[in-house]
Number of protein chains: 2
Amino acid sequence: MTRVPSDERRAALIQAALAVIDRDGVSAATTRAIVAEAGMSLASFHYAFRSRDEMMRELIAFVVANEKRVTLAAVAPGTDIRTAVRAGLQAYFDLLVENPQREQALFELMNYSLRTPELDAVPAAQYASYFAAAGELLEYGALATGVTWSRPVQEVARILIAINDGYTLAWLADRDAVAAGRLMDFAADTIAALARPARPSPRPATPQEPQP
Amino acid sequence: MTRVPSDERRAALIQAALAVIDRDGVSAATTRAIVAEAGMSLASFHYAFRSRDEMMRELIAFVVANEKRVTLAAVAPGTDIRTAVRAGLQAYFDLLVENPQREQALFELMNYSLRTPELDAVPAAQYASYFAAAGELLEYGALATGVTWSRPVQEVARILIAINDGYTLAWLADRDAVAAGRLMDFAADTIAALARPARPSPRPATPQEPQP
DNA sequence: AGACGACTGGGACGATCGACCCAGTTCGGC
DNA sequence: GCCGAACTGGGTCGATCGTCCCAGTCGTCT
């Protein structure tokens, strides 16, 4: 085994752990399974991490940090908001179908965090990250299609995430892609119904001035 | 230890296992923890069940069968459909707040089933049961408030379950009851928008005659 | 070049897991 | 009352877990 800096080794172990978790679940992510996946020896694990818990904490932090980056994917600009939202949902769904294990692993990691006393604050941060990412997406989509949201973006984002999680769980359970497609259509209709033209003509209120 | 029929012993062990899972999670539900919770000896476990897997199968079957019964709770009749749906959502949410561990355990059990090859068909049945229960609830609610659904009840049920699962997950993560309330309001509005008066006056079609 | 610290490989530890075994105990049918 | 079957308690097995230890190896700095 060649010499590798500690940080790289930590990252490699986390990637290996994620591969094991994707394939066999959180409970199968033992230290031995992880180092076997990474092609290292057992001693390297405890040289890189003080304990398995420490690695799990870093793994979850890594996953949470990366989700936001990954989620900010393709939003088709120039079209209407309904089409844009529907396209975003489809992009996520395609990702889900391509790699269902990953999404299931995220649910498992959330359960793991909720069960671990020192990690029980993580899911809240995780969802805050989801909402923030969805909010950015919605604001970008609204800007690109010339609309504004009739509710605070955070509320719309929460609705979007909720519906998304909902049909993701159902699809993971019964793999009914047709039903999932109908739900995405419905979600796009519903979300789009919360959008209004950017310059409301009949309203006398001036949108430029912020409320005190 | 007094003498107890085998069936009662199996049921008692499953109840004990559920208590352990609620409190400490699926991974903590070892044979020793379960018999300690039930106040039995280790031998009783393997006398009642051939293996831990067999008990888990029966436990999941029990949970799935019971959910439908539990879900068919209170629907306030006589009011409008929006109020009825909102009340149903609130009833579920109250149950969730009262016992969050149980709902989290259900998610964990779903993950466990998806990871277990011989149980991977269970989540589909689980969700089919959810949809059926939600469908009955929606049909009953529509009947009680004098409306019909503009889409097949199964579709509306799937929407309801998706939103429900969505805000349940988010609430489990960040315990934001206010946001959950807003989402329930939104869900009630959205679902109610799919209802129409039972006797459409302008339509020439006769609702009495079934389509061939 | 030599030495010091970073790093690795392999073995071992105690704890805990599911499963099993078997000598006792207790109950119901005769 | 007695006998066979249902049932229990306690001990034990092999496997696997996270963690640790230690003798070796290899860069890197002086």
Side-chain angles (χ1 to χ4, degrees), chain A residues 1-21 23-60 105 108-109 111-113 115-119, chain B residues 1-21 23-60 105 108-109 111-113 115-119:
Chain A
M1 189 91 299
T2 61
R3 212 181 181 82
V4 174
S6 182
D7 285 347
E8 287 184 25
R9 211 155 266 277
R10 291 166 79 93
L13 281 169
I14 285 180
Q15 287 303 321
L18 270 176
V20 174
I21 289 176
R23 188 179 347 109
D24 301 319
V26 170
S27 64
T30 66
T31 54
R32 286 170 174 81
I34 293 169
V35 297
E37 178 80 22
M40 301 185 199
S41 76
L42 205 45
S44 302
F45 185 94
H46 279 92
Y47 191 85
F49 296 102
R50 199 167 306 148
S51 68
R52 181 178 174 273
D53 274 1
E54 181 182 309
M55 190 225 57
M56 286 298 276
R57 277 195 293 274
E58 283 209 17
L59 182 144
I60 288 175
E108 285 183 332
L109 284 173
N111 277 326
Y112 176 84
S113 297
R115 293 286 186 199
T116 308
E118 55 202 28
L119 292 178
Chain B
M1 189 91 302
T2 61
R3 214 181 181 82
V4 175
S6 182
D7 285 347
E8 286 184 27
R9 210 155 268 279
R10 291 166 78 94
L13 281 168
I14 285 180
Q15 286 303 320
L18 271 175
V20 174
I21 290 176
R23 186 177 352 108
D24 302 317
V26 170
S27 63
T30 66
T31 54
R32 285 168 175 82
I34 293 169
V35 297
E37 178 80 22
M40 300 186 200
S41 78
L42 205 46
S44 303
F45 185 95
H46 279 93
Y47 191 85
F49 296 102
R50 199 166 306 149
S51 69
R52 183 178 173 272
D53 274 2
E54 180 182 309
M55 190 226 57
M56 287 298 277
R57 276 196 293 274
E58 283 208 17
L59 182 144
I60 289 175
E108 286 183 331
L109 285 173
N111 277 327
Y112 175 85
S113 297
R115 292 287 186 198
T116 308
E118 55 203 29
L119 292 178

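Quick note on labels: first sequence line is chain A, next is B, and so on, each numbered from 1.
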* Which whole-number value in Å describes the distance from A:Met56 CE to D:dG18 P? -> 10 Å
* To do: Sorted by first residue and then second, give each salt bridge (charged side-chain N to carboxylate O under 4.0 Å, His left out) pair with at least one member in residues 23-40 of chain A; sequence neighbours left out.
  => A:Arg23-A:Glu37
* To do: Please state how far atom CZ in B:Arg9 lies from atom P in C:dC27, giving the value in whole angstrom units.
  => 12 Å
* To do: Spell out protein contact along nucleotides 18-24 of chain C as letters: B when the base is contacted, S when just the sugar-phosphate is, - when no protein heavy atom is under 4.0 Å; keep the 5' to 3' order.
  => BB-----
* Report the distance from atom CD of A:Glu54 to atom P of D:dC20, rounded to the nearest whole Å. => 12 Å
* Could you name each residue pair satisfying salt bridge (charged side-chain N to carboxylate O under 4.0 Å, His left out) that touches residues 11-21 of chain B, not counting sequence neighbours? => none
* To do: Rounded off to whole Å, could you give me the CZ-to-P distance for the A:Arg57 and D:dG18 pair?
  => 15 Å
* Side chains of A:Met55 and A:Arg50 in contact at under 4.5 Å (non-hydrogen atoms) -> no
* **For A:Phe45, ring-ring contact (aromatic ring centres under 6.0 Å, His included) partners two or more places apart** => A:Phe49
* To do: To the nearest Å, give me how far apart CZ (B:Phe49) and P (D:dC7) are.
  => 13 Å
* How close or far is atom P of D:dG10 from atom OH of B:Tyr47, stated in whole angstroms? -> 19 Å
* **Contacts of type side-chain hydrogen bond (donor to acceptor under 3.5 Å, both in side chains), residue B:Gln15, not counting sequence neighbours** => none
* Just jot down the salt bridge (Lys or Arg N to Asp or Glu O under 4.0 Å) partners of A:Arg115, sequence neighbours excluded, or say none. => B:Glu108
* Asked: Over how many whole Å does the gap from A:Leu13 atom CG to D:dG18 atom C1' extend?
  -> 15 Å
* Short side-chain N/O contact to C:dG10 OP1/OP2 from A:Ser41, under 4.0 Å -> no
